[in-house]
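For this chain, numbers begin at 1 and follow the sequence in order.
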Amino acid sequence: MLLSDTFVIENLQVLEESKKSGTMRIAGIFQRAESPNQNNRIYERGLLVRELTRLDEAIKERRLMGELDHPTHDAVKLGNVSHLVTKLKMTGNDMIGEAEILNTPCGQVAQALIKGGVKLGISSR
């Protein structure tokens with residue numbers, strides 16, 4: 001069984017839009033410790049810190065990608081990639097993240113949703 005959680009990105013900011021590459025950089029709160037998320041799960045801060053440490057290499061190597069929608073599979077399918085997580089850090093109980101919304105078909109949809117003011121969520125698996 002795949003365990004996945006959704007957290008609506010809070011304080012979403014568009015940091016940069018590149019007309020040349022077609023990408024958009026965003027930042028916001030991607031997860032919060034010690035507080036219920038959209039699925040009413042509460043993660044301890046220590047668990048999130050541990051997972052950030054585990055993900056650090058993938059972030060540095062530009063391999064931590066995500067898909068548009070809420071996939072039911074556990075591996076990211078490259079044809080569905082919409083974004084690349086470029087930074088994650090804990091500030092208090094908030095996991096602050098940055099991501100590039102890519103110039104892929106799914107990334108273009110995500111960019112249009114952000115520009116339209118839609119509140120997007122980010123899921124963890």
Side-chain angles (χ1 to χ4, degrees):
M1 182 173 133
L2 177 64
L3 178 65
S4 63
D5 282 315
T6 303
F7 184 84
V8 173
I9 300 173
E10 294 180 4
N11 302 330
L12 178 69
Q13 299 175 317
V14 175
L15 301 175
E16 175 184 357
E17 287 186 71
S18 172
K19 297 204 186 300
K20 182 177 178 183
S21 66
T23 61
M24 173 189 282
R25 284 186 344 123
I26 63 164
I29 301 171
F30 282 22
Q31 187 61 268
R32 180 170 286 127
E34 312 300 340
S35 179
N37 63 16
Q38 300 302 113
N39 296 350
N40 287 320
R41 290 194 182 93
I42 299 172
Y43 291 110
E44 294 178 6
R45 188 177 191 285
L47 174 68
L48 294 181
V49 169
R50 183 191 79 195
E51 293 304 304
L52 286 182
T53 301
R54 188 178 65 81
L55 294 170
D56 191 51
E57 186 175 334
I59 292 170
K60 287 178 183 171
E61 294 177 356
R62 295 179 57 83
R63 294 185 292 114
L64 188 57
M65 296 170 281
E67 297 183 40
L68 188 63
D69 285 324
H70 197 81
T72 57
H73 45 274
D74 58 351
V76 172
K77 295 188 178 186
L78 295 179
N80 297 335
V81 168
S82 61
H83 63 281
L84 174 72
V85 177
T86 57
K87 188 182 288 185
L88 289 173
K89 68 177 182 176
M90 291 300 293
T91 301
N93 283 339
D94 292 339
M95 181 187 294
I96 308 297
E98 290 186 18
E100 282 181 37
I101 309 297
L102 301 170
N103 189 19
T104 61
C106 292
Q108 291 171 359
V109 170
Q111 287 185 40
L113 293 171
I114 291 167
K115 288 177 185 177
V118 174
K119 290 190 176 200
L120 295 182
I122 193 154
S123 34
S124 56
R125 297 179 271 192

Do you reckon Leu47 sits in the same ILVMFWY cluster as Met90, going by side-chain contacts under 4.5 Å, direct or chained?
yes
At what distance, to the nearest 0.5 angstrom, does CG of Asn80 lie from CD of Glu67?
4.5 Å
By side chain to side chain contact (heavy atoms under 4.5 Å, CB included) - contacts of Lys60 (at least two apart):
Asp56
Is any side-chain heavy atom of Ile29 closer than 4.5 Å to one of Ile9?
no
Student check: side-chain heavy atoms of Leu64 and Leu88 closer than 4.5 Å:
yes
What heavy-atom pair brings Met65 and Leu78 nearest, and what distance separates the two atoms?
CE-CD2, 3.6 Å
Which distance, rounded to the nearest 0.5 Å, do you find between the CD of Gln31 and the CG of Asn93?
11.0 Å
Please check if the side chain of Thr91 supplies one atom and the backbone of Asp94 the other of a donor-acceptor pair under 3.5 Å.
no
Verify same cluster id: Ile42, Ile122 (apolar side-chain graph, 4.5 Å)
no
Listed partners of Ser18 passing side chain to side chain contact (heavy atoms under 4.5 Å, CB included), at least two apart
Lys20, Ser21, Thr23
Inter-residue atom distance Asn11.CG - Ile96.CD1, 0.5 Å rounding
7.5 Å
Distance from Leu102 atom CG to Gln108 atom CD, nearest 0.5 Å?
10.5 Å
Show me the pairs that pass salt bridge (charged side-chain N to carboxylate O under 4.0 Å, His left out) and involve residues 44-53, at least two apart or across chains.
Glu51-Arg54
Within the supplied structure, the quantity of interest is the number of heavy atoms (other residues, nucleotides, ligands) at a distance under 6.0 Å from Glu57 CD; does it exceed 12?
no
Check Ile101 against Gly107 and note the closest heavy-atom contact, atom names and distance.
CG2-O, 3.3 Å
Approximate separation, where rounding is to 0.5 Å, of Leu68 CG and Leu120 CG
8.0 Å
Rounded to the nearest 0.5 Å, what separates atom CG in Leu12 from atom CD1 in Ile114?
5.5 Å
Thr86 vs Arg62 side-chain heavy atoms within contact, under 4.5 Å:
yes
Do Val118 and Phe30 sit in the same hydrophobic cluster, where Ile, Leu, Val, Met, Phe, Trp and Tyr count as joined when their side-chain heavy atoms come under 4.5 Å apart?
yes
Test salt bridge (Lys or Arg N to Asp or Glu O under 4.0 Å), reference Arg25, set Glu98, Glu100, Glu17, output is Glu98
